[in-house]
Amino acid sequence: MSASARKPALGFICVTMVLLMFGYGLIIPVLPNLVTQFEGGSIAAGSRSYGNLIGIFALMQFVCSPILGALSDQFGRRRVLLITLTGLSIDYVIMGASRSIAWLYVGRMISGATAGAIATCNAYIADIMPPEKRAQGYGLLNAAFGLGFVIGPVPGGLLGEANLRLPFFVAAGCVLLNLVYGAAVLPESLPVERRRPFQWKRANAVGGLLALRRFRGVLPLASALFITTFASSMLQATWVLYTGYRFGWSTAQVGTSLAMVGISMAIVQSVLVKPIIARTGERRALILGLGISAIEMTAYGSISQGWMMYLVIVFGSLGGIAGPAAQALMTRQVAADEQGKLQGAVSSLYSLAYIFAPLLASWSFGACIAPAAKFRIPGIAFYEAALLIAVAIPLCWRATRHAREVASPAAA
């Protein structure tokens, strides 16, 4: 793609991510409470069921993401992105209309099977950005991700105050808008001469994970980042129920806190990623981000007042420099015609974390707040996450000893 076409294409994919995450942000403050409602109002039971719900979504994503990644390498990113948006809109409608928790599982299974939007957007960035600018591109994409949280959770929480199901239908409308937008204006990023034929041996989940071994320098880094993804998804699995139990937050208050997460993330990704990586290099930025995240998790589990959560959110957002640095390090080890396969395989690896981390977090949290609990430690999931990230830091440092880094233009 020419330099003149690259800038508008990047804008298209970032707007797509904003609309995608706006719909997702709408339901985050209310979905755990809807699950708890189906469980008779028990927070402990609702926490366990919510963890199971996230786990089944991740299982379907684990199986299907490499298929979508391989399809995007053959047919292009645009088609696959539109398919994933269609599946997500169906999911939101089913969940909004559900009358039992079983229907929530049906919706999440459909969404998980088509949950390749973020991986496809990552591959799109790798297609259109030169290696030395990919960290910056991923920073902008993550900023768009954060912006979706800024404008999504607050109205989601407010709508949830009126009716827990209303945010799902609004989210479905947003995804449909995203789908129409993508169909109308999103250009294809993968030229025909760089496409690869679809092969089932490249598209199965286990084969996709094994394929990481072929990408020199990717497997050790991806394995270490698996741990950090596991830790961060533990936070996601317990945030709404934890803040409601610990501080008595309403859905509106939860939405406000998540908006703060989005604002902080957007500032870091759009303003700070480029100068920090230019000064420290991708490897040191990765380690610095992980260290901040470990401190952040410990603080979440230890603070005693709800207002303190906002201070931790601002500080912890600096840990967001790790993601773009890691993405840039990994994509540089892979040929241009295999970026979709890489993103699909990495997405499958992360899906393993999303399968088991919510189960561990939600069951730990539920066990530690249950009436019969011997040890009442509401922040147990955050402490577990901090420990995992602390273990990942030396692994990432070791894994990136020989990684190739390209100087940022800002550093030149």
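- The side-chain heavy atoms of Ile94 and Phe168, taken from C-beta on, include no pair separated by under 4.5 Å.
- Remark: side-chain polar atoms of Ser233 are paired, donor with acceptor, to backbone N or O of Phe230 under 3.5 angstrom.
- Side-chain contact check for Thr238 and Tyr50: no donor-acceptor pair (N or O, by modelled atom type) lies under 3.5 Å.
- In this structure the side chain of Ile287 reaches within 4.5 angstrom of the side chain of Cys396, judged on heavy atoms.
- The CG atom of Leu241 sits 14.5 Å away from the CZ atom of Arg246 when rounded to the nearest 0.5 Å.
- Residues Trp239 and Pro32 form no side-chain contact, since every pair of their non-hydrogen atoms from C-beta on lies 4.5 Å or further apart.
- Counting heavy atoms from C-beta outward, Thr280 and Ile321 have side chains that stay 4.5 Å or more apart.
- Distance check, rounded to the nearest 0.5 Å: CD1 of Ile27 to CG of Leu164 gives 12.0 Å.
- A 4.5 Å side-chain heavy-atom check between Met309 and Trp249 finds at least one atom pair inside the cut-off.
- A 4.5 Å side-chain heavy-atom check between Ser257 and Thr243 finds every atom pair outside the cut-off.
- Residue Leu395 holds its CG atom at 12.5 Å from CD1 of Ile389, rounded to the nearest 0.5 Å.
- A donor-acceptor pair is defined here as one N or O able to donate and one able to accept, closer than 3.5 Å; no such pair exists between the side chain of Ser47 and the backbone of Ala44.
- From Ile56, atom CD1 reaches atom CE of Met60 across 7.0 Å, with rounding to the nearest 0.5 Å.
- At a threshold of 4.5 Å between non-hydrogen side-chain atoms, the residues Phe57 and Tyr354 do not count as touching.
- More than 12 heavy-atom neighbours from other residues, nucleotides or ligands sit within 6.0 angstrom of CH2 on Trp397.
- Under the 4.5 Å side-chain criterion, counting only non-hydrogen atoms from C-beta, Phe315 is in contact with Ile295.
- Tyr242 and Phe382 have their aromatic ring centers within a separation under 6.0 angstrom.
- Panel note: side chain Ser111, backbone Arg108; no donor-acceptor pair is recorded below 3.5 Å.
- Within the model, atoms CG of Leu104 and CG of Leu31 stand 6.5 Å from one another, a figure rounded to the nearest 0.5 Å.
- Here Phe38 contributes atom CZ and Ser49 contributes atom OG; the two are 11.0 Å apart, rounded to the nearest 0.5 Å.
- Other residues, nucleotides and ligands contribute at most 12 non-hydrogen atoms within 6.0 Å of the CZ atom of Arg79.
- Ser364 contributes no side-chain N or O that, together with a main-chain N or O of Ala361, makes up a donor-acceptor pair within less than 3.5 Å.
- Across every non-hydrogen atom of Cys64 and Gly112, the tightest pair is CB-O, 4.5 Å.
- Side-chain atoms of Gln253 come within 3.5 Å of backbone N or O of Ser250 as a donor-acceptor pair.
- Shown here for Ile54 and Pro358, the closest heavy-atom pair between the two residues is CG2-CG, 3.3 Å.
- Using modelled atom types, one finds a donor on one side chain and an acceptor on the other under 3.5 Å when comparing Arg77 with Ser72.
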